[in-house]
2 protein chains.
Amino acid sequence: MNLKTSTAPENPNQAETHRQLLEAAGEVFAETGFRDATVREICRRANANIAAVNYHFGDKEALYKEVLRYSQQKALQKYPPLLGVAADAPPEKKLRAFVHSLLLRIFDKGPTSWHGKLMSREMIDPTAAMDSVIEERIRPMSEQLWKIVGEILDCPVNDERVRLCSFSVVSQCVFYFHCRVIVSRLFPAQEMDAAYVEKLADHITRFSLAAMKHLPEAKTSKSHSNATRN
Amino acid sequence: MNLKTSTAPENPNQAETHRQLLEAAGEVFAETGFRDATVREICRRANANIAAVNYHFGDKEALYKEVLRYSQQKALQKYPPLLGVAADAPPEKKLRAFVHSLLLRIFDKGPTSWHGKLMSREMIDPTAAMDSVIEERIRPMSEQLWKIVGEILDCPVNDERVRLCSFSVVSQCVFYFHCRVIVSRLFPAQEMDAAYVEKLADHITRFSLAAMKHLPEAKTSKSHSNATRN
DNA sequence: TGACATGTCAAACAATTGTTTGAATTATTT
DNA sequence: AAATAATTCAAACAATTGTTTGACATGTCA
């Protein structure tokens with residue numbers, strides 16, 4: 001008995017079924033959620049035996065944790081938060097890139113399209129696996145956004161307005177994915193293709209920039225000497 | 001055998017267990033979702049026998065449909081979309097009321113606090129029961145918002161900008177609830193009490209108004225003669 | 001080749017869960 | 001009060017599901 005715990009396999013045979021189980025599990029977990037997903041269905045899609053999940057991952061929950069980490073890593077690797085925009089680019093450009101990359105990650109149609117759905121499910125029913133995802137992935141991304149928003153608002157990153165406005169930006173991105181049931185019901189004609197994602201990125205960026213540059217209390221007392229420093 | 005289908009009961013005893021089952025089911029469904037909720041737990045909380053669900057509602061799924069309708073009706077009755085703001089009030093006031101009522105409905109702590117969670121779950125795993133909820137509740141509310149936004153943008157309600165901006169408004173409201181796992185993890189100190197809901201309503205309204213009044217293409221070609229007509 | 005570890009497989013196990021059943025209890029009607 | 005209908009109850013049923021088991025196959029190394 002082997003019972004590896006989250007380490008990459010070395011044997012080519014094992015590596016193959018290991019990877020196929022991950023892919024199949026990602027699909028099924030995304031489609032039906034953790035509880036509704038059956039190991040039988042996962043193994044069927046992976047062309048593996050029923051006992052394969054327990055042999056390779058220990059149990060169903062450990063497999064799920066692996067899938068979550070795997071999808072996060074893949075998605076962030078495919079669409080990094082700033083999409084290659086230069087570090088010294090104007091904050092407006094960075095904001096646009098941040099928004100676009102978030103939309104691309106969520107709406108990705110590729111082989112790892114389960115990332116968005118898995119994250120949506122984690123929002124409602126967070127598992128223990130979500131802890132590390134938040135600390136290792138989401139918090140750094142948030143801090144990146146705070147810096148950008150802080151520059152645009154011209155106020156320190158720990159100002160409450162930075163937090164509120166940053167959430168306002170992110171919320172518009174996740175909405176179209178999380179509430180796509182409603183969006184596509186109210187506007188059945190609208191397809192969610194790459195061109196539309198681009199259009200959404202445009203709107204969200206313009207909407208948010210207009211808001212932040214004309215926010216009633218945006219230019220009040222606070223000094224702006226250290227606005228871009230941390 | 002009775003097997004009533006979604007009609008209100010007439011017998012006082014039956015009415016009592018019927019209602020208690022609905023309340024208990026609302027709790028459990030909100031906490032754990034449809035699949036993870038067990039009829040045994042629901043009946044336990046309702047002080048009813050295991051067979052009560054099947055006797056009163058037919059099966060577990062029919063009970064769920066009832067719960068969803070019940071929670072929607074209760075929530076909208078408690079917090080109507082415009083919170084009593086006059087029909088001829090300025091659109092800015094109406095927007096603020098719309099935002100506030102949506103937040104109140106979602107964050108409601110009262111006896112029917114499961115409304116928000118149930119809706120979140122329906123977004124990800126829409127059941128057949130969601131169809132009627134969208135058509136009977138959500139679409140009318142959306143049209144109400146489109147009118148308000150159309151007035152603010154000064155363009156017809158079927159303009160694409162109205163749709164995009166309306167979604168931008170709603171998205172900020174649902175975000176704080178749907179992604180509260182992340183929000184409360186990034187800012188553990190922040191409590192989600194009534195005062196904070198008020199503050200959120202303020203920010204979202206100000207942010208959105210600033211955006212809509214200064215949107216780059218907000219005042220282009222379209223005529224505004226029929227802006228408030230439909 | 002032979003010994004040994006690794007991986008795969010079909011079958012069975014144990015626990016959970018929605019539902020049904022038929023008797024017992026309670027309420028309503030005649 | 002008797003009869004009838006409605007409701008509750010404990011027990012059992014049937015299906016699903018995660019997991020385990022022990023045999024069998026495959027590959028590796030002496």
Side-chain angles (χ1 to χ4, degrees), chain A residues 1-29 31-67 125 127-129, chain B residues 1-29 31-67 125 127-129:
Chain A
M1 316 204 168
N2 197 350
L3 279 194
K4 339 200 85 74
T5 64
S6 83
T7 59
E10 59 288 333
N11 180 303
N13 284 343
Q14 180 178 3
E16 182 56 17
T17 56
H18 191 95
R19 196 190 54 79
Q20 279 183 330
L21 279 173
L22 265 184
E23 300 279 344
E27 272 184 32
V28 179
F29 282 140
E31 284 174 17
T32 64
F34 177 77
R35 186 48 146 60
D36 279 334
T38 70
V39 293
R40 280 171 172 82
E41 174 65 14
I42 292 172
C43 292
R44 196 188 61 76
R45 295 201 198 182
N47 289 323
N49 184 267
I50 317 278
V53 164
N54 298 279
Y55 179 78
H56 284 273
F57 295 91
D59 61 359
K60 184 185 173 186
E61 198 178 335
L63 168 61
Y64 178 78
K65 282 182 190 165
E66 286 284 314
V67 166
D125 277 322
T127 67
Chain B
M1 318 201 171
N2 197 349
L3 281 194
K4 346 198 79 77
T5 65
S6 85
T7 58
E10 59 287 333
N11 181 303
N13 283 342
Q14 180 178 3
E16 183 57 15
T17 57
H18 191 96
R19 195 190 55 77
Q20 279 184 330
L21 280 174
L22 265 183
E23 300 280 343
E27 272 184 31
V28 180
F29 282 139
E31 284 174 17
T32 64
F34 177 77
R35 185 48 146 60
D36 280 335
T38 70
V39 294
R40 279 173 172 81
E41 175 64 13
I42 292 172
C43 291
R44 195 187 61 75
R45 294 198 199 182
N47 290 322
N49 184 266
I50 318 278
V53 164
N54 298 279
Y55 178 78
H56 284 273
F57 296 91
D59 62 0
K60 184 185 174 186
E61 198 178 334
L63 168 61
Y64 178 77
K65 283 182 191 166
E66 287 284 313
V67 166
D125 277 322
T127 66

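Only this structure's heavy atoms are used, side chains among them; waters, hydrogens and symmetry mates stay out. Each chain gets a letter, A, B and so on, in the order its sequence line appears, and its residues count up from 1.
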- Query: How many angstroms lie between atom CG of A:L21 and atom CD of A:E16, to the nearest 0.5 angstrom?
  - Reply: 10.0 Å
- Measure the spacing between CG of B:L22 and CD of B:E27 and express it to the nearest 0.5 Å. 12.0 Å
Which whole-number value in Å describes the distance from [X] [atom1] to [N] [atom2]?
{"X": "B:E61", "N": "C:dT17", "atom1": "CD", "atom2": "C1'", "value": "16 Å"}
{"X": "B:R40", "N": "C:dA15", "atom1": "CZ", "atom2": "C1'", "value": "11 Å"}
{"X": "B:Y55", "N": "C:dA27", "atom1": "OH", "atom2": "P", "value": "13 Å"}
{"X": "A:R44", "N": "C:dA10", "atom1": "CZ", "atom2": "C1'", "value": "18 Å"}
{"X": "B:N49", "N": "D:dA10", "atom1": "CG", "atom2": "C1'", "value": "7 Å"}
{"X": "B:N47", "N": "D:dT7", "atom1": "CG", "atom2": "C1'", "value": "16 Å"}
{"X": "A:D59", "N": "D:dT19", "atom1": "CG", "atom2": "C1'", "value": "9 Å"}
{"X": "B:I50", "N": "C:dG22", "atom1": "CD1", "atom2": "P", "value": "19 Å"}

- Message: I'd like to know whether CD of A:E61 has more than 12 heavy-atom contacts from other residues, nucleotides or ligands below 6.0 angstrom.
- Response: no
- Touch check for B:A52, heavy atoms < 4.0 angstrom, all strands: base, sugar-phosphate only, or nothing? nothing
- Query: OP1, OP2 of D:dT8 versus side-chain N and O of B:H56: anything below 4.0 Å?
  - Reply: yes
- Query: For B:T17 and D:dT7, is the shortest distance between a side-chain N/O and OP1 or OP2 below 4.0 Å?
  - Reply: no
- Query: Taking all atoms of both residues into account, what is the closest heavy-atom pair of A:K60 and A:R35, and its distance?
  - Reply: NZ-O, 3.6 Å
- Message: Among C:dA10, D:dT17, D:dA10, which nucleotide has an atom closest to any side-chain atom of A:A51?
- Response: C:dA10
